[in-house]
Amino acid sequence: MEQGRMILITGSPGTGKTTVASLAAQQSDFARSVHLRVDAFFGFLSKGAILPQIAGSQRQNRIVLEAALEAAKRYVRGGYEVVVDGVVGPWFLEPWVQAARSCCEIHYIVLRASKAETMRRALGRRKLDSKTNAELVETMWGQWNALGRYEQNVIDTTEISAAKCAASIQEAVRAKSHLLAPLQPGSPLE
């Protein structure tokens, strides 16, 4: 069976991840695609769950992200293009880098909008009370503006439509310009 690939679409809340990921999965060049939402994996937690944005949630968040990665890898082995939508910053990337080196092609796309646009989009949601939500979004927006070597993986969504952003992602994937890590010699995708 043909090997699939992953497109990891990430960024702070309010950058258009879910909308763009859905479009990218629908417009996939592959015969089969999946839109895998990392947030859904947080919903599987029952007993002992911690809100992912509070202190002490680091271990839980890493486990949830690794569970999502394992599910994505299974789809890839089945020949699917997997568009992963979630908050996977450089601080959580090591398991994804290892997967890129050992199993599959992974494209790392960071969506970023201006602070004003990010706040406008994200604060329209009612996930938390408005003060907590505003503080969280502002903090996360700041975290996504110091990406070091991953700055080259950023697509600015401030003034482009979701359709234009999805098209830009497809172009980046075809050009292999946003690969997470180079493939190792002898890998099945070389």
Determine, step by step, whether Thr118 and Ser12 satisfy the side chain to side chain contact (heavy atoms under 4.5 Å, CB included) criterion, reporting the C-alpha distance in whole Å, the side-chain angles of both residues, the deciding distance to 0.1 Å, and the verdict.
CA-CA 8 Å; Thr118 299; Ser12 71; 3.7 Å; yes
After noting the C-alpha distance and the side-chain angles of Val110 and Ile155, does the key distance pass the side chain to side chain contact (heavy atoms under 4.5 Å, CB included) rule?
CA-CA 6 Å; Val110 178; Ile155 295 176; over 6 Å; no
How far apart are the C-alpha atoms of Thr157 and Arg121, what are their side-chain angles, what is the distance that settles it, and do they pass the side-chain hydrogen bond (donor to acceptor under 3.5 Å, both in side chains) test?
CA-CA 11 Å; Thr157 65; Arg121 292 176 188 170; 3.3 Å; yes
In sequence, state the C-alpha distance, the side-chain angles, and the governing distance for Lys176 and Glu105, and then conclude on side chain to side chain contact (heavy atoms under 4.5 Å, CB included).
CA-CA 9 Å; Lys176 297 186 184 254; Glu105 180 179 315; 2.7 Å; yes
Given side chain to side chain contact (heavy atoms under 4.5 Å, CB included), test Ile106 with Arg5 step by step and report yes or no.
CA-CA 6 Å; Ile106 301 177; Arg5 69 178 171 214; over 6 Å; no
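Between the side chain of Ser114 and the backbone N or O of Glu117, at least one donor-acceptor pair lies under 3.5 Å. A distance-only check finds no donor-acceptor pair linking the side chain of Gln27 to the backbone of Ala166 [under 3.5 Å]. The backbone N or O of Gly16 sits nowhere less than 3.5 Å from a side-chain atom of Thr19 that would complete a donor-acceptor pair. Here the side chain of Glu81 pairs no donor or acceptor atom with the backbone of Arg32 at under 3.5 angstrom. Side-chain N or O atoms of Ser168 include one that pairs as donor or acceptor with a backbone N or O of Lys164 at under 3.5 Å.
Following chains of ILVMFWY side-chain contacts shorter than 4.5 Å, one can reach Leu45 starting from Phe41, so the two form part of one hydrophobic cluster. Linking ILVMFWY residues whenever their side-chain heavy atoms come closer than 4.5 Å, directly or via other members, leaves Ile7 and Leu147 in distinct clusters. By the criterion of side-chain heavy atoms lying less than 4.5 angstrom apart, applied directly or through intervening Ile, Leu, Val, Met, Phe, Trp or Tyr residues, Ile9 is not grouped with Leu23; the two fall into different hydrophobic clusters. Linking Ile, Leu, Val, Met, Phe, Trp and Tyr whenever their side-chain heavy atoms come within less than 4.5 Å puts Met6 and Val64 in one cluster. Cluster annotation: Val87 is not connected to Ile169 through the hydrophobic network of ILVMFWY side chains, with a link wherever side-chain heavy atoms come within less than 4.5 Å.
The two residues His35 and Ala25 make their nearest non-hydrogen contact at CB-CB, 3.9 Å. Annotation for Leu51 and Ser57: closest pair O-CB, 3.4 Å, computed over non-hydrogen atoms. Nearest approach of Ser33 to Ser28, heavy atoms of both residues: CB-CB, 3.7 Å. When all heavy atoms of His107 and Val173 are compared, the closest pair comes out as CE1-O, 3.5 Å. Closest heavy-atom contact between Lys17 and Gly86: CD-O, 3.8 Å. Residue Gln3 comes nearest to Arg77 through the heavy atom pair OE1-CA, 4.2 Å, listed as atom of the first residue, atom of the second, then distance.
One distance of note links CD1 of Ile109 with OG of Ser177; it measures 6.5 Å at 0.5 Å rounding. In this structure, the separation between OG1 on Thr10 and CH2 on Trp96 is 9.0 Å, given to the nearest 0.5 Å. The CG atom of Asp39 sits 7.0 Å away from atom CG of Asp85, with the distance rounded to the nearest 0.5 Å. The line from CG of Leu36 to OH of Tyr75 is 7.0 Å long, rounded to the nearest 0.5 Å.
Leu180 has its side chain within reach of Val97: a pair of non-hydrogen atoms, C-beta onward, lies under 4.5 Å apart. For the pair Lys115/Glu138, a side-chain contact is recorded, criterion being any heavy-atom separation below 4.5 Å from C-beta on. Annotation: side chain of Arg62 is in contact with side chain of Phe92 (closest heavy-atom distance under 4.5 Å). The side-chain heavy atoms of Val83 and Val34, taken from C-beta on, include no pair separated by under 4.5 Å.
Evaluated for a side chain to side chain contact (heavy atoms under 4.5 Å, CB included) with Arg112, the options Val154, Asn153, Thr158 yield exactly one hit, Val154. Here the rule is side chain to side chain contact (heavy atoms under 4.5 Å, CB included) with Leu8, and of Leu69, Leu93, Val38 only Leu93 fits it.
Proximity of the aromatic rings of Tyr150 and Tyr108 is defined here by a centroid distance below 6.0 angstrom, and this criterion is met. Aromatic ring centres of Trp91 and Trp144 lie closer together than 6.0 Å.
Under the ring pair (Phe, Tyr, Trp, His ring centres under 6.0 Å) criterion, Phe42 pairs with no residue at all, not counting sequence neighbours. Applying the salt bridge (Lys or Arg N to Asp or Glu O under 4.0 Å) rule to Glu70 yields the partners Lys73; only residues at least two apart in sequence or on another chain are considered. In this structure Arg149 satisfies the salt bridge (Lys or Arg N to Asp or Glu O under 4.0 Å) test with no other residue, sequence neighbours excluded.
In the model, Glu135 has no side-chain atom that pairs as donor or acceptor with a side-chain atom of Thr139 under 3.5 Å.
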